[in-house]
Each structure stands twice: as structure tokens, then as C-alpha cells.
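Worksheet: one structure, shown below.
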Protein chains: 2
Amino acid sequence: MNEKKKLTLKDIGRELGISVSTVSRALKEHPDIAQETIKLVKDYAESNNYVPNLLAVNFRKNRTFNIGLIVPELVHHFFSTVISGAISEANNQGYNLMVSQSNDILKDEVLASRAMLNSSVDGLLISISNETHEGKHILEFLEKGKPVVQFDKITEKLPTPKVIVDDKDGASAAVKHLIEEGFTKIAHIRGREDVKNASERCEGYKNALKVAGLENHDYWIKTCIKISEQEGYDFTKELMEGENPPNGIFCITDLVALGSMRYLKENGYAIPKEVGIMGFSNWMLSSVVSPRLSSVEQHGFQMGVESTKLLLEMIKKQDVESIQTVELKTELIVRESSRMSNSEM
Amino acid sequence: MNEKKKLTLKDIGRELGISVSTVSRALKEHPDIAQETIKLVKDYAESNNYVPNLLAVNFRKNRTFNIGLIVPELVHHFFSTVISGAISEANNQGYNLMVSQSNDILKDEVLASRAMLNSSVDGLLISISNETHEGKHILEFLEKGKPVVQFDKITEKLPTPKVIVDDKDGASAAVKHLIEEGFTKIAHIRGREDVKNASERCEGYKNALKVAGLENHDYWIKTCIKISEQEGYDFTKELMEGENPPNGIFCITDLVALGSMRYLKENGYAIPKEVGIMGFSNWMLSSVVSPRLSSVEQHGFQMGVESTKLLLEMIKKQDVESIQTVELKTELIVRESSRMSNSEM
DNA sequence: AAGGATTGTGCAACCGTTTGCGGTAAATTT
DNA sequence: AAATTTACCGCAAACGGTTGCACAATCCTT
């Protein structure tokens, strides 16, 4: 009782007494076809609600209308925001989005990309895992003429366009803001050395200090491995118990900042009176913790949109050579955790 | 220089001097084919790394190996967790997952489902929007013989299998826990009346009170519209400023609980000493706020896995009639916000 | 009025695989 | 030795569109 037979071009042709090819052309208003024929066919198709068999079309044209997307982690505020943007733009242009995750494991990333490569996708959006270096599995896409766009976590080794946020600039702005609020001894809890974003943010931190001519010490820089709340807590403890405790901390991420704040609150430090805190990424949680956490918005949605636009452009013009880099600006979000002045009321 | 011509069955046949059909059958070890022929073909295919054109196969077989998934909101801890589970299970079984979101807008949901319906998906996983009631666009899937599985936010009106969590039981357990910890006047900040999950949780709340023989008042039940942090704050204010303030609050969601806690902290109430708080959903943030928030884990990952399993089973046996309901058990996560006793140390 | 240009349509190949059916040669049975 | 079975393999249609090309009919030249 299910699976009613679908209407095909052949059916229409038979019914209307014209050939399949004419029907096909009429439907797409080919100039060769007489207006009245076009109307005839279109009307019939409309009222019998004909829908073309995409499987057949795609097979013939050798493309799907799908694009793939792989992120290290799906359950992650920033990445899910990017995905949201990618879906939006893809759907706008008539494409569907296929999603997978690598869990930051190279093997899983290879598996996921292979699954998508074989004719189920016209192009790929990817934010690579920490373990990805060579990226042979990515090159396979290019070899098959399927464009790839990297976003956020990228590697320069792969000849594809890249969409990233200006981490260095964002970090600089964050630290500059702390300085302007009067914080003079600013520490940084950073991420792994081999992760580009982390290094960029650290660069931005150092630059801001240098420009302002403030003290800077290696012992004010702590390096997270997992970027966890606990690490934020532990490193803040180290910092505050050290000999020259800071009065401001710039954290690689909001989650780490949360840990930092937990330590400070537990130990009676007033935020921001005694210690100012800046996060990064502007996760939803930053606006609901107390004190509300200042952060740096990365415009993940926009990143998803831009990456997808780039990819679809390449798909449409069969271009697989482009390697431009788009750098998105961040936005400083000032909340309570860093505001000494009463600038807003 | 790209798009190297792909090897086809025809190529192999020509090269080996056998017919296309024999090659095809040899590759899948059809009993009609001689062992040596099989070996011959397989070896050739292997060393010239033949990969079948999935587009052609799918067209021929009229299926895609893709499944669709639609959620109200992608940037949402619970839903992204479900998606993560769905991807995991789908990939395990050789399927790709196509993801879309409705933003809780019916029109968007219809658009998304239509985009998937036309031959790009073999079945659908959906958590419906608040605006979805009839669900004609869902029925279209069934009419075409494509199975649908509903999860989390469901409607009984659609004849499909459903995977839900036992909200009532979870809520009951949460409130029961508050009671056991000694809280005697327990309020509830609930979600919209027309959302099933919200009503179930409210039921569970009422039941627990009744079983324990505690007071219950309509004025202890507040109804959120947007389920926001601010609503948690505002309703808690109302509750605490009312004539018979509660000493425990069960919130529909962790986010609301956060708002609740913010009001209490700002106004000098000790948590949990004076007021105990329970959230629901066990978002990541519940473990990083202070005091850490007790909550109810919904096992989103498992929900994604189960839903996908159900769907793939139906796809494989061409079954579109099944309507079983799977109810997942929740898990009480006790943290600081509700613990009066020192039961664990 | 004859030739060429224009307009509209159909034929048939094609995309790569799958599969029902028929056919041949060898092996087995009687 | 004839009849039947078995083991292999190929032909060709089919899936549902797309598209190059040929062709017929009509129109416009001169």
C-alpha cells in the first residue's frame, strides 16, 4: 500500500503524445521548444505533481547536491554554530549538508571523509583534527575534482581556501581591553603549542603587552592540554600562589575562564575588582554565569556561511585550484568579569 | 589536470575479455561465477583500485545510503549530543547523516524535509518543532515508503516509531531526591503547556509531591515561554517574594536553573542550605557553575543511537508500518546544588 | 519559385550497474 | 550413446533522465 509509482518523463510523454526529450526540454524552457508545448507540459506536470527523480539526474550529471562537513567535535558550542551557518547557506543554494565528526582522531577523520568521498558529496568543508598533518585523505577530494574548504582549525599544507578568524587580533583586543580597564599584571592560560589557534591567541596576548609596555613573564603563561574547566582552576591556583600573582587573566576559552573564576571565587578574590577575567569564544554560558564573563565572539555562524559560499562557488565553476584565505574579524564582548569602569551606566 | 577518468565495470571487462555482467557478478562472488574468474576480476579490480560508482548503484537500486535528521535547534547541547549519537550509529552501518534544523518554525521544517525527501535520503529522524501539529510533510515520507522515526519532541498523531526519554520518571526522581534531602516546600518552573516534555516533567513533579504527601500549590508552578535564563531569574524572584516561598526549586532545564541560582545568590540565599535547586538535561555547564548544579541526564547520545538503529532496521526491511515507542531511562546526577547531606564524603 | 534560414520535434545514445533469461559446453546420469 | 543436469557466462533490458544530431515543416530571402 506504500510506494506509489512515481510519475516519469516517459509517462508524461506517453500521455501527451510527445517524446521524452521534448518533455525534458519543455520542463526547463529550452528555447527550441514552442511556447504552447512548454505550457502544455508544465501544466500537466504541475497538476500531476511531477517531481524529477534526483537520483537519475545526479547520476547523469555526475553530482549530488550534497556537501560534506567534518568537525573535530559536534557537541561544542562553536562548531555547532558554524554548522548552523553552513546548513543555512547550503539550503539557500539548494544543497544539503552531510555532517560527520572526527573526535580529533585522524583515523575517524579518514573514515568520515572516505565515506563522503565516494559519490555522496560534491565538495567538503573541514575543520581538521589535531592529529591531521599530511591530509592525504583530503587530497583525494581534490584529485577527484571535488573542492575542499578548510575552516577554523586548518593546515597550510593543504592547497585549499581557508576561512579562519583573526585570533591574534581578537586576543590582542581582549588583552588591550583588560589593560584599558586598569589591569596591569596580565597572565594567559593558553592551549597546546601545536594548535595554530592557540599560538595565534598567545601571540596576540604578547603583542598587546608589548605595545602597552607592561611586564610580561614566561611564568605568567600556562599551557592547557585538554582545555578543561579543571585546568583553568588549577593553573589559576598556580598563578595566584606564585610569587608575582597577576591581577588579570586572559583565558584561551570560556570554559577555562570558568575554572579560573571558580578558583578565584572560592578563594575570596573579587572579580573583577581584584582580578579581571577574559574568556574567548563567547559561548552561551558566558552570558549566564556570574559574574558574566567577558569574551571574544568568533562569529561562528558567519564562518559557516562564508565557508559554504566559497565552497559552492568552487563547485559551480568546477574550480579546485583556489587557495584564498578569508579572515573573519572577532568582536569584543565586554561583560562584568573585566569591567572596572562604569562605562555603561 | 583533475578528474581522472574513473575505472568502470566496462573497462575491466574489456581489459579481461569478459562481459560487464560477469565482472559485476564476480565482484560480489555470485555462485554462478567460476572461482578463478572471481579471483581474476577481484585481483584486477584491487590492483587498479576500482571503486563502484555509487551514483549509478544508488540510481539503479533506488536508494541513497543517506538518512536525514531534523532538529528544532542545532546549537543546543542536548540536540547536538543526539546528533552525535546518530552519526556514530549511521556511520557504523555505512550510512551518512544529513542534518537540518527547523528553528522551531513549521515553514522551515517543511522546507528542510522537502529538500531531503526528493531522493536524497532513505529515511528520516525528526524531532518536531513546536509549531508542527498535522505533519503532512512527514506523512509524505511514509507515502513514498521512506521510514520516519521521531525522537524527543514528538507527536502521537504521526504513525511512526518514537524514541523518548521518560521525562515523568526523571522529574519524579529529581523531586524525590530533593525531598529526601530534606526540602519540604518545592516549587517548579515549567515549560509551555503545549510541549509534551514540559507537561510530562510537571506531572512527575506533582506525582512526587503527592507520593510524599507534601504541600503543593498552583502558585508554586511557574510557566516559561522561552525557557531562558532570565525567566528562571524572574520566576524565582516571584516565588521568593511570594507569601509562601519554597525552599526547593525544580527547573525545567539547567539554563533556567542557572537563572534561578543567579537570583538566589544575588539576594543572599545560600544554595543548597536555604534553597535546593534541581535542573534537567545535564548540560555541560551544569558541572562547571558554582555551586555545581544537580540535574537529570537524558542520555542524548544513546537516544541518537537508538533512533538510528530503529530507522535503519525499518529501511532495511522496507518497513514503514512500525509504531513502537522506546522510552529511555534518565539518570539522576546529584551535585552540590541539591545536596544537604554529606552522603559522599 | 527556388534556395536558404529558422523553428520545433524526435531518435537514439549515453551515464554505470544490476539482473532475468537464454545459451553453450562439460559433467553426470541412465 | 542419448538424455539430463550442472556450471558458467553473455545478451540485453532496465533504472530516468540529458543531449547531440538529424529531420520535417514553416518562414524568409532574392
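As a basis for the values below, the full set of heavy atoms in this structure was taken, side chains included, without hydrogen atoms, waters or symmetry mates. Residue numbers begin at 1 in each chain, while the letters A, B, ... track the order of the sequences. Every value quoted in this text rests on a predicted model; they were computed, and no experiment measured them.
- Atom pair K61(A):NZ and dG16(C):P shows a separation of 16 Å (rounding to whole Å applied).
- Here dA26(C) presents its P atom at 14 Å from CD of E36(B), a figure rounded to the nearest Å.
- Distances shorter than 4.0 Å separate some side-chain N or O of K28(B) from OP1 or OP2 on dT18(C).
- Counting non-hydrogen atoms under 4.0 angstrom, T8(A) reaches the backbone sugars and phosphates but no base.
- Look at CZ on F59(A): it is 13 Å from P on dG17(D), rounded to the nearest Å.
- Among the atoms of the strands shown, none is found under 4.0 Å from any heavy atom of L55(B).
- Set against dG17(D), dG16(C), dT18(C), the side chain of V20(B) has dT18(C) as its closest nucleotide.
- A salt bridge between K42(A) and E29(A) is present, with a side-chain N of the basic residue lying under 4.0 Å from a carboxylate O of the acidic one.
- Residue K39(B) places its NZ atom among 12 or fewer non-hydrogen atoms of other residues, nucleotides or ligands, all under 6.0 Å distant.
- Residue contacts shown for S21(B) include a base, since a base heavy atom lies under 4.0 Å away.
- When side chains are defined from C-beta on, F151(A) counts as touching V82(A), because their heavy atoms get closer than 4.5 Å.
- Note: CG (D11(B)) to C1' (dC15(C)) measures 13 Å, nearest angstrom.
- Of the listed nucleotides (dC11(C), dG10(D), dT17(C)), dC11(C) has the atom at the smallest distance from the side chain of S19(A).
- Q150(B) and S127(B) share no donor-acceptor pair across their side chains, judged by distance under 3.5 Å alone.
- Remark on DNA chain C: of its neighbouring residues R60(B) and G17(A), the 5'-side contact belongs to G17(A), judged by nearest-heavy-atom nucleotide.
- Taking 4.0 angstrom as the limit, Y50(B) places none of its side-chain polar atoms (N or O) nearer than this to OP1 or OP2 of dG16(C).
- Across the interface with DNA chain D, nearest-nucleotide mapping of T37(B) and K10(A) shows T37(B) to be the residue nearer the 5′ end.
- Looking at D32(B), its side chain has no donor and acceptor atom pair within 3.5 Å of the base of dC8(D).
- As rounded to whole Å, 13 Å separates atom P of dT7(C) from atom CD of Q35(A).
- Across the protein-nucleic acid pair, I33(B) atom CD1 and dG20(C) atom P stand 14 Å apart, rounded to whole Å.
- Distance N58(B) CG to dT17(C) C1': 11 Å, rounded to the nearest Å.
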**OP:** List the steps and the verdict of salt bridge (Lys or Arg N to Asp or Glu O under 4.0 Å) for K162(B) and E327(B).
**Re:** CA-CA 8 Å; K162(B) 301 159 191 73; E327(B) 204 161 17; over 6 Å; no

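- Listed nucleotides dT9(C), dG16(C), dT19(C) differ in distance to S24(B); the shortest reach to its side chain belongs to dT19(C).
- When rounded to the nearest whole Å, the span between CG of L9(A) and P of dT9(C) equals 16 Å.
- A donor N or O paired with an acceptor N or O is found under 3.5 Å between the base of dG20(C) and the side-chain atoms of R25(B).
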